[in-house]
Amino acid sequence: MNAATWGLVIATFVACFVEMVEATTIVMAMGFTRNWRSAMAGTGAALLLLAVVTVAAGYALATWLPESALQLAIGGLLLIFGLQWLRKAILRSSGRKAVHDEDAIYAEEVKAAKKAGAAHKGIDMFGFMVSFKGVFLEGMEVVFIVITFGLNANNIPAASLGAVAAVVIVLALAVVLKRPLSMINENLLKYGVGLLLASFGTYWAVEGIGIFRGGHESLHWPGSDLAILGLLVIWFLLSRIFVSALRTPRTAAPAVTTSTHEVVK
Amino acid sequence: MKFLKAFGQFWYDFIIGDDWKIAVAVVIALAILLGAVGAQLFGDAGLAILGAVLIVAGFAISLVIDVRPKTKP
């Protein structure tokens, strides 16, 4: 594998790792409070559907969209998504937003599971659906990242490899530890992924604007792929400037109001 | 039905997220770049750099608006 392919695998691995840690917290809460059979069945069904969506959407996009349109459409979405992660990372690092807490999310899921009444024997629909929904929705973000990175780098198998490796490692950790993976510094990982997504997203979205000129040819960056490294440095420096400028004492009230969902995410 | 609602919520969170200003900033930055492409303002390298500057500036402005001190009514 060359350096670009390794970069692709690492980017999808880290992004998928973060999302899987979040999904695993939900599945474990269902497994321990409802029953494991339903939690595992929901997880398996979601992973199967995600695989189908990845193959179908990847094939459809690669077949029907010209390269520059693909870069603009999914590069633009990736950019927006990446900048949202970067915004959260800046606000968390500067103390203006609550950090992601897997233990708190686990407790919340357990409370909801207990409130739903006694678990049914066999397949318990509550445990199945919550696990399915958690894995599918967290996984959809990964599918999007895999498709975007894979198609733009013309290497979906490498991008999928990174994602599958993350799923296997997170599941293995969960099985061994038998508790939410709260020891993982998810906020730092999200910061790194946010920087990567913002850099790749900027690169591809700008390239894709070429769809609107004669010949629909993508714009060419000076330095070609090396420009991504330059963008990474720019986004990192900008984020550090904002973190320094916005830093507040830890005891201060958050300047940005957050809904329950925001704290969870 | 609940699942469809959650799926729709996912796409809303994905594109709009916690701060709609980011999506707006990206769209405006790309629209200005498109104008520059149409006007053939620069060569490819100049347009790419302009695009990056617009996106970075758009994000910075949206974040500054986001964290500005709120004035009491």
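A note on names: the letters A, B, ... follow the listed sequences, proteins ahead of strands, and every chain is numbered from 1.
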Need one label for A:L231: side chain, backbone, both or neither, based on atoms under 4.5 Å from any heavy atom in chain B.
side chain
Sorted by chain and residue number, the side-chain contact (heavy atoms from CB on, under 4.5 Å) partners of B:I32 (sequence neighbours excluded) come out as B:I28, B:L54
A:I209/B:L47 under side-chain contact (heavy atoms from CB on, under 4.5 Å): CA gap, chis, key distance, verdict
CA-CA 10 Å; A:I209 281 290; B:L47 288 170; over 6 Å; no
Please identify which of these residues, A:I26, A:T43, A:L49, meets the side-chain contact (heavy atoms from CB on, under 4.5 Å) condition with A:F132.
A:L49
Kindly indicate whether the side chain of [X], heavy atoms from C-beta on, has any atom under 4.5 Å from the side chain of [Y].
X: A:V206; Y: B:I55; result: yes
X: A:I90; Y: B:F59; result: yes
X: A:W221; Y: A:I228; result: no

Tell me which of these, A:L79, A:L72, A:L77, has more heavy-atom pairs under 4.5 Å with chain B than the rest.
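Highest number of heavy-atom pairs under 4.5 Å: A:L79.
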Find the one option among A:L86, A:L219, A:T202 whose heavy-atom pairs under 4.5 Å with chain B are most numerous.
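Top option by heavy-atom pairs under 4.5 Å: A:L219.
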Straight-line distance of [X] [atom1] to [Y] [atom2], nearest 0.5 Å:
X: B:I22; Y: A:L83; atom1: CD1; atom2: CG; answer: 6.0 Å
X: B:K21; Y: A:R87; atom1: NZ; atom2: CZ; answer: 7.0 Å
X: A:T25; Y: A:M20; atom1: OG1; atom2: CE; answer: 10.0 Å

Selection from [options] maximising heavy-atom pairs under 4.5 Å formed with chain A:
options: B:A45, B:G46, B:G51; value: B:A45
options: B:I49, B:D19, B:V64; value: B:D19
options: B:L50, B:V56, B:V37; value: B:V56

Under a 4.5 Å heavy-atom cut-off, does chain A meet the side chain of B:A25, its backbone, both or neither?
neither
Close contacts, residues 236-246 of chain A versus chain B, judged by heavy atoms under 4.5 Å
A:L238, A:F242, A:L246
